[in-house]
Amino acid sequence: MTQFTEEVLVIIQRIPYGSVMSYGRIARLAGNARGARQVVRILHSMTEKYNLPWHRIINSKGKISITDESYAAIQRELLISEGVEVSENGYIDISKYGT
DNA sequence: GTGGTGACGGGCC
DNA sequence: AGGCCCGCCACCA
């Protein structure tokens with residue numbers, strides 16, 4: 001377990017209810033500006049173990065970035081259930097819900 | 001060792 | 001907004 005990984009886990013767990021943060025943003029806060037892809041990996045491999053709010057993570061353009069449609073739909077639902085507005089095509093107003 | 005692969009980002013148009 | 005391209009980097013077959 002690297003220092004970066006631990007930082008990422010903590011940061012993600014600290015994202016407040018009803019708001020979102022981008023992969024790259026998390027990577028920077030964790031100390032690695034180019035670690036966005038690692039953040040993705042961590043999400044994939046540790047979401048269950050550490051009970052992470054993976055649905056609050058979107059890409060820098062403010063859009064749900066999951067390629068798998070079924071999972072993307074789940075993320076949309078989870079966000080909406082937290083009061084976050086998500087457009088039909090998966091976009092979220094960063095200036096309003098961003099962190 | 002090695003090449004292909006993303007739940008990415010930034011720049012450009 | 002949305003598409004394309006290129007740089008990045010840990011993983012995995």
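A note on names: the letters A, B, ... follow the listed sequences, proteins ahead of strands, and every chain is numbered from 1. Predicted model, so just to flag it, every value in this text is computed and none were measured.
- Atom pair A:F4:CZ and C:dC9:P shows a separation of 11 Å (rounding to whole Å applied).
- Using a 4.5 Å heavy-atom cutoff, the side chains of A:W54 and A:I66 are in contact.
- Atom P of nucleotide C:dC12 and atom CD of A:Q38 are separated by 13 Å, given to the nearest angstrom.
- Taking only side-chain atoms of A:R37, from C-beta outward, the nucleotide of C:dG7, C:dC11, B:dG9 with the closest atom is C:dG7.
- For the side chain to side chain donor-acceptor pair (under 3.5 Å) criterion with A:H55, the lone passing option out of A:E77, A:E82, A:Q75, A:R76 is A:E82.
- Summarising the geometry, the separation between NE2 on A:H44 and P on B:dG6 is reported as 10 Å, rounded to the nearest angstrom.
- Considering only heavy atoms from C-beta on, A:P53 comes within 4.5 Å of A:I12 through its side chain.
- Computed from coordinates, the A:D68 CG to B:dA7 P distance equals 9 Å when rounded to whole Å.
- What separates CZ of A:R25 from P of B:dG9 is a distance of 12 Å, to the nearest Å.
- For B:dG9, one of the phosphate oxygens OP1 or OP2 lies less than 4.0 angstrom from a side-chain nitrogen or oxygen of A:S22.
- The side chain of A:K61 sits closest to B:dG10 out of B:dG6, B:dA7, B:dG10.
- The distance between atom CG of A:N59 and atom P of C:dA1, rounded to the nearest whole Å, is 11 Å.
- Within the structure, a side-chain polar atom (N or O) of A:Y91 is placed less than 4.0 Å from OP1 or OP2 of C:dG2.
- As the counterpart of C:dC6, B:dG9 is assigned, both hydrogen-bonding distances of the Watson-Crick or G-U wobble pattern falling under 3.5 Å.
- At a threshold of 4.0 angstrom between heavy atoms, the contacts of A:R28 are confined to the sugar-phosphate backbone, with no base atom among them.
- Distances shown here put a side-chain N or O of A:R34 below 4.0 Å from the OP1 or OP2 atom of C:dC9.
- Two different hydrophobic clusters hold A:L43 and A:V10 under the rule that ILVMFWY side chains link at heavy-atom gaps under 4.5 Å.
- Distances from the side chain of A:S60 to the nucleotides B:dG9, C:dC9, B:dA7 place B:dG9 closest.
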